[in-house]
Peer 1: 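Just passing along the structure, written as structure tokens.
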Amino acid sequence: MNSFIQELRWRGMLQDMTPDLEEHLSKGMASAYLGFDPTADSLHIGHLVGVMTLLHFQRSGHQPVALVGGATGMIGDPSFKSAERNLLDKLTLDHNVACIQKQLAKFLDFSGQQPNKASLVNNYDWMSQFTFLDFIREVGKHITVNYMMSKDSVKRRLEDGNGLSFTEFSYQLIQGYDFYYLWKNKNCSIQLGGSDQWGNIVTGTELIRRMDGGSAFALTVPLITKADGTKFGKTEGGSVWLDPEKTSPYAFYQFWLNVSDEDASKYIRIFTVLDQATIERLEKDHAEAPHQRVLQKEIAKEVTTMVHSKVEYEMALKASEILFGKSSTEDLASLDERTFLAVFDGVPQVQLTQEIYATIENVLDLVSEKTNYTLFSSKGEARKMILGGGVSINKEKVDDPQGKINYTLLQGKYLLVQKGKKNYAIVAVTA
RNA sequence: GGGGGAAUACCAAAGCGGCCAACUGGGACGGACUGUAAAUCCGUUGACUUAUGUCUUCACAGGUUCGAAUCCUGUUUCCCCCA
């Protein structure tokens with residue numbers, strides 16, 4: 001029962017905790033919550049750390065509670081943010097909350113009869129009834145402004161000179177009250193969160209102590225960093241989302257596959273539930289043959305399977321092999337149309353009628369003008385790329401811009417145009 | 001309000017009458033090598049059916065000149081100094 005802390009510790013997921021938490025957990029099943037801000041209609045992989053924390057908590061036999069901040073989302077957490085945040089309207093927020101709830105349900109076990117099944121709450125449910133007057137009388141009375149101002153997250157904003165509105169300043173009190181509410185009504189004695197949440201969480205434990213003399217606990221997980229100093233979870237395309245509509249399972253898989261060696265050991269501990277022995281074995285394999293990238297492959301497999309599905313993972317794997325492996329025109333031709341389209345999901349597609357296709361005189365026109373400059377912004381660029389050996393059609397290098405078009409259409413209708421290694425476009429020739 | 005300076009391609013930054021589609025660095029993209037990596041090396045980076053060719057570019061609008069990113073005038077924006 002006490003393995004939760006140890007589990008987090010060896011996984012490098014323990015930043016900080018209140019001193020007597022370990023003892024508290026050893027007494028039997030406990031309940032902990034972690035909040036998610038509904039700032040978008042999908043979670044992204046930055047949220048995954050929190051999700052994994054709850055998951056480990058549940059696996060250790062405790063009861064996880066996921067809180068979606070329908071109320072706090074209306075305010076915006078100022079912690080370590082440099083500027084005042086824009087408020088989201090209620091409609092957007094409702095939508096976001098609903099979407100996030102659905103995603104969370106994939107990770108935690110909300111079903112079944114076991115006593116430690118997960119539950120989901122929305123702080124809008126209790127905050128919306130609370131009048132301002134009641135709130136400042138019942139809650140605000142217990143916490144001093146001095147206390148609130150001494151928080152690092154708030155102090156930074158004051159020192160910057162950017163200031164923060166009263167609205168944002170109140171945030172920690174509302175979050176603190178959430179904790180109190182859950183502690184009081186759901187017997188939830190622990191709050192988990194990212195290290196930037198420490199201040200807010202502790203306001204909660206303080207509130208519980210002052211209002212009811214109760215004791216509650218805090219635990220934070222470290223912020224995920226990347227060895228090269230860039231922000232974790234971002235690609236050129238923006239955040240990596242869990243929603244397959246926003247980030248395709250293929251792109252998602254690729255993100256993990258491209259994790260650097262330095263980060264791989266860290267990530268496999270945090271984002272997969274593989275046990276210590278397995279991970280250490282994989283690390284050994286990786287050290288022996290780094291070019292095999294067993295760690296990255298394993299992370300990508302585990303996380304993609306967990307977030308999407310085994311089928312999606314296999315599809316992504318197959319797509320990756322075709323896109324990056326030594327595949328040939330034959331390999332492409334061997335795919336059936338459905339698989340082909342799935343592999344190239346998200347790749348820009350250009351429709352061309354049979355008549356137009358027949359009139360195209362050379363490769364240069366085909367890849368530039370006739371396909372609306374999808375892959376190249378000008379003929380000059382296309383020509384230079386071709387001469388530089390950077391263009392392939394159906395996986396075969398094109399070397400002459402003036403070359404005639406005599407390619408076999410894949411599945412009778414597609415041409416795969418490729419610029420460099422990672423940029424593709426599909427030309428679909430229709431009747 | 002007064003005085004001074006600056007505006008150049010994605011960014012930084014040279015050029016200060018013809019040799020300028022504009023040095024150089026970064027970035028981006030491509031190639032080789034590799035592990036779909038890092039490092040390294042090479043190429044491309046205004047447009048045009050590649051051309052010792054044409055066209056459009058150096059904040060904007062005019063002007064001087066055979067010729068202007070470069071000189072002049074006005075406009076706009078930004079920075080600095082003094083009130």
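Every value quoted in this text rests on a predicted model; they were computed, and no experiment measured them. Chain A is the first sequence line, chain B the second, and so forth, proteins listed ahead of strands; every chain is numbered from 1.
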Peer 1: Polar atom pairs between nucleotides 30-32 of chain B and protein, under 3.5 Å, N or O only, would you list them?
Peer 2:
from    : atom 1 : to        : atom 2 : distance (Å)
rG30(B) : OP1    : Asn423(A) : ND2    : 3.1

Peer 1: Whole angstroms only, please: what is the NE2-P distance between His286(A) and rA37(B)?
Peer 2: 14 Å
Peer 1: Could Arg281(A) and Glu298(A) be called an ion pair, given the rule that one side-chain N must be under 4.0 Å from one carboxylate O?
Peer 2: no
Peer 1: Salt bridge or not for Arg293(A) and Asp261(A), using N-O below 4.0 Å?
Peer 2: no
Peer 1: Mark up nucleotides 44-57 of chain B, 5' to 3', with B wherever a protein heavy atom is under 4.0 angstrom from a base atom, S wherever such an atom reaches only the sugar-phosphate, and - elsewhere.
Peer 2: SS-SSSB-------
Peer 1: Could you tell me how far apart Leu317(A) (CG) and rU36(B) (C1') are, to the nearest whole angstrom?
Peer 2: 13 Å
Peer 1: Expressed in angstrom and rounded to an integer, what is the separation of Asp261(A) atom CG from rA39(B) atom P?
Peer 2: 13 Å
Peer 1: Measure the distance from CZ on Arg293(A) to C1' on rA38(B) and round it to the nearest whole Å.
Peer 2: 12 Å
Peer 1: Inspect the contact between Glu314(A) and Lys310(A) and indicate whether a charged nitrogen and a carboxylate oxygen are less than 4.0 angstrom apart.
Peer 2: yes
Peer 1: Would Arg59(A) and Glu7(A) pass as an ion pair if we require N to O under 4.0 Å?
Peer 2: no
Peer 1: Quick one: label Pro290(A) by what it contacts on the DNA or RNA (base, sugar-phosphate, nothing), any heavy atom closer than 4.0 Å.
Peer 2: base
Peer 1: Could you tell me the Watson-Crick or G-U partner of rC23(B), where both distances fall under 3.5 Å? Say none if there is no partner.
Peer 2: none
Peer 1: When the C1' atoms of rC71(B) and rU65(B) are compared, how many Å lie between them, rounded to an integer?
Peer 2: 9 Å
Peer 1: Once you round it to whole Å, what is the distance between P of rU36(B) and CD of Glu321(A)?
Peer 2: 12 Å
Peer 1: Measure from NZ or CZ of Lys90(A) to the centre of the six-membered ring of Tyr124(A) and say whether it is under 6.0 Å with the direction within 45° of the ring axis.
Peer 2: yes
Peer 1: Rounding to an integer number of Å, can you tell me how far Glu262(A) CD sits from rA39(B) P?
Peer 2: 11 Å
Peer 1: Sticking with atom P, work out how far rC81(B) lies from rU75(B), rounded to a whole angstrom.
Peer 2: 25 Å
